Structures are given as C-alpha cells and as structure tokens.
Amino acid sequence: MGTDEPATVRHVAIIMDGNGRWAKKRLLPRAMGHQRGVEAVRRVVRGARELGLEALTLYAFSTENWRRPEEEVSDLMSLMKRFILSDLDEFARAGVRLRIIGDYSAFKPDVVELIDGAIARTAQNTGTTLAVALNYGAQDEIARAATKAAAKGPITPETIAVELDTADLPPLDLLIRTSGEVRLSNFLLWQAAYAELYFTDVLWPDFTLDHLKEALGCFANRERRYGGR
Ligand SMILES: CCc1cc(N2CCCCCC2)n2ncc(-c3ccc(F)cc3)c2n1
C-alpha cells in the first residue's frame, strides 16, 4: 500500500472504560453508568456497520471483573441478558455476526444458553462481526492457545496464532481505550503487537460515532510500521 492511499481499517477493538466514573461524576449509581454504557455500545455497533468495519471487538467483562461486588456482577449479568434479548434482534437482522472471545462457560447455565443461542442465530450473517470479550484475559487466551498448539507439534508464533480466540477475525488494526487510562489491562496483548493504540479521555458512556471517526481519522494519518521500527 502506497503512503498516499488511506489506510483501510478492518478490525477495531475497544476497552470501554469510564462507566463507573461517569456515574460518580453525576452522583448517580454505577448501574446508571453501565446502562448509559450499553447505549454507547449500541451507537458504536451501528457505527461500525455504517463504516463497513469487518470486526469490532469490545472488552465487556475481564477475568478480573469477578472481584467486583456481587451486586455489580449480578447487575452486569442482567445487563448482558437484556442486551441479548433486545438489541441483538436488531443487530441480527442487520447482518451482524456475534462472536464471544474468552471463557464464557464460567457464567450461569441460563446465560451460557442465551449466548449460545445468539451466536447460532447470527452465525450465517456476513456483516460486521461483533466480538464481545467475556471472562477474557489475554494471558489466559495465549496460555490456552499455546497448550493447543503444543499438543499438535512444535510451537511457533504461527501455530499459536491460529489457536487464539480471535483466529477467525482480521488482524487488529486499531485498539481504542476510553477514560484516559493508558494501559492495555490484559486485553488482546498478542493481537495488539502491530496495532495502532488510541487513548482518549472521553468516558465510555459519552463515546459517540464522531469519537470513533476521530480515532479512525488518526489511524489513517499514521503510517503503519509492521515491525519495521
Ligand atoms: C458482561 C456484561 C456486559 C457488559 C457490557 N458492558 C460493560 C459495562 C457497561 C458498559 C457497557 C458494556 N457489555 N457490553 C456489551 C455486552 C454484551 C455481552 C454479550 C453479548 F452477547 C452482547 C453484548 C456486555 N456485557
């Protein structure tokens, strides 16, 4: 690709941070921050489709999130169920394909069943792939991939890569983190090797399609290195 051609973004990932801080700033309960955060998810999934992204990966629940208060974990599980029962209908009809990365078998059977149904329902879709990271940690993902690769023969970066949860997604082009934290927090560590990293002070509930376009614009202006330097 010559330098005068706009860089094509195929796969964007987002660490959706700042939901609790958004609520705290407004003296609202954390659950309200989560609810407004779901509205931002809706905006960004619709935006990803309009922009023709092949894949959008969202960090929804990390392996560390289990340490949150029980009430908050329960609130997040309810939020997820509501999202699948209501929003996924629209996304399924619009051609969005749902994938889950991480070990979601750790969730309650009714949640696992709901997720499996949503994956099956959208499996044939050919639009944007929405990959949601649930009970996900990159070091856990890499360890699982390495274990599978080792059982099949000598380990190389290639034999590990094909065993990652994201093996069927395009290479990661752009990783966005909201709320001003400049850390990867055990998210897509392998996949981020050559991705552009974009950090914004915007809190996730305030994130809009314009913010996504701003991040994509920054990507377009950067010249990719792919390990060149
Ligand atoms: C595990 C709880 C949780 C939290 C969460 N947050 C995190 C908290 C507040 C901000 C919104 C984003 N999101 N966002 C999408 C999903 C989702 C899950 C499964 C699915 F099939 C489709 C979407 C989600 N799930």
Side-chain angles (χ1 to χ4, degrees), residues 12-26 28-49 55-123 125 127-137 165-166 169 176-179 181 185-187 200 202-209 211-212:
V12 174
I14 306 177
I15 302 175
M16 305 180 284
D17 202 4
N19 302 287
R21 210 173 309 170
W22 183 93
K24 193 172 180 183
K25 263 173 71 173
R26 292 160 179 76
L28 292 169
R30 283 179 75 86
M32 183 58 80
H34 292 162
Q35 188 47 51
R36 298 297 288 270
V38 171
E39 290 169 20
V41 170
R42 287 193 193 102
R43 285 196 294 271
V44 167
V45 174
R46 288 178 187 138
R49 277 191 52 249
L56 172 70
T57 301
L58 301 177
Y59 204 4
F61 195 86
S62 72
T63 46
E64 288 77 28
N65 283 147
W66 293 111
R67 297 188 208 135
R68 297 267 181 92
E70 191 178 335
E71 184 190 356
E72 183 171 347
V73 173
S74 167
D75 166 51
L76 288 169
M77 292 304 114
S78 306
L79 173 154
M80 175 165 55
K81 286 195 256 185
R82 283 196 308 275
F83 187 98
I84 295 174
L85 290 169
S86 59
D87 294 87
L88 221 83
D89 236 21
E90 170 200 338
F91 295 142
R93 282 197 304 275
V96 170
R97 182 174 72 123
L98 177 70
R99 296 267 292 95
I100 304 294
I101 63 172
D103 176 16
Y104 68 93
S105 66
F107 294 143
K108 289 181 180 160
D110 63 318
V111 175
V112 172
E113 197 176 319
L114 203 57
I115 293 172
D116 285 340
I119 292 169
R121 169 135 184 250
T122 61
N125 284 353
T128 299
T129 296
L130 170 62
V132 181
L134 293 176
N135 192 31
Y136 173 87
D165 295 354
T166 58
L169 299 179
I176 298 169
R177 180 167 189 157
T178 58
S179 95
E181 302 298 335
S185 298
N186 198 19
F187 185 54
T200 174
V202 174
L203 301 179
W204 176 248
D206 292 327
F207 197 82
T208 65
L209 179 54
H211 291 121
L212 177 59

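Numbering of ligands and ligand atoms starts at 1, following listing order. Please read these numbers as outputs of a predicted model, since none were measured by experiment.
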Student: Under a 4.0 angstrom heavy-atom cut-off, which atoms of ligand 1 come close to Met16?
Tutor: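 Those qualifying, in numeric order: 12 (C).
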Student: Report the member of Ile115, Val132, Leu98 with the shortest heavy-atom distance to atom 21 (F) of ligand 1.
Tutor: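 Ranked by closest heavy atom to atom 21 (F) of ligand 1, first place is Leu98.
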Student: Of all the atoms in ligand 1, which lie at a distance below 4.0 Å from a heavy atom belonging to Leu134?
Tutor: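 So the atoms of ligand 1 that pass are 1 (C).
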Student: Could you walk me through whether Arg36 and Arg26 pass the side-chain contact (heavy atoms from CB on, under 4.5 Å) check?
Tutor: CA-CA 12 Å; Arg36 298 297 288 270; Arg26 292 160 179 76; over 6 Å; no
Student: Judged on heavy-atom distance to atom 11 (C) of ligand 1, which of Gly102, Ala131, Gly37 sits nearest?
Tutor: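 Looking at heavy atoms only, Gly37 sits closest to atom 11 (C) of ligand 1.
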Student: Can Lys81 and Asp110 be said to form a salt bridge (charged side-chain N to carboxylate O under 4.0 Å, His left out), step by step?
Tutor: CA-CA 9 Å; Lys81 286 195 256 185; Asp110 63 318; 2.9 Å; yes
Student: Evaluate the ring planes of Phe187 and Tyr136, with Trp represented by its six-membered ring, and classify them as parallel (under 30°), tilted (30 to 60°) or perpendicular (over 60°).
Tutor: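 The arrangement is perpendicular - the two ring planes meet at more than 60°.
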Student: Does Val41 come within less than 4.0 angstrom of ligand 1, counting non-hydrogen atoms of the residue?
Tutor: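 It does; at least one heavy atom falls under 4.0 Å.
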Student: Check this for me, if you would: do Arg49 and Glu90 make a salt bridge, where the nitrogen-to-carboxylate-oxygen distance has to be below 4.0 angstrom?
Tutor: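 Between Glu90 and Arg49 there is no salt bridge, as every charged N stays at least 4.0 Å from the carboxylate O atoms.
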Student: Could you tell me which atoms of ligand 1, counted from 1 in the order shown, lie closer than 4.0 angstrom to a heavy atom of Phe83?
Tutor: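 The list of qualifying atoms is 22 (C), 23 (C).
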Student: For the CD atom on Glu72, are there more than 12 heavy atoms of other groups (residues, nucleotides or ligands in this structure) within a distance under 6.0 Å?
Tutor: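 It does: Glu72 CD has more than 12 such atoms within range.
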Student: Side chain of Trp204, backbone of Gly37: donor and acceptor closer than 3.5 Å?
Tutor: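 Answer holds: yes.
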Student: Determine whether the side chain, the backbone, both or neither of Asn19 has a heavy atom under 4.0 Å from any heavy atom of ligand 1.
Tutor: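 For Asn19, only side-chain atoms sit under 4.0 Å from ligand 1.
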Student: Which of the atoms of ligand 1 are close to Ala60, meaning less than 4.0 Å from one of its heavy atoms?
Tutor: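 Answer, ordered by atom number: 3 (C), 4 (C), 5 (C), 7 (C), 13 (N), 24 (C), 25 (N).
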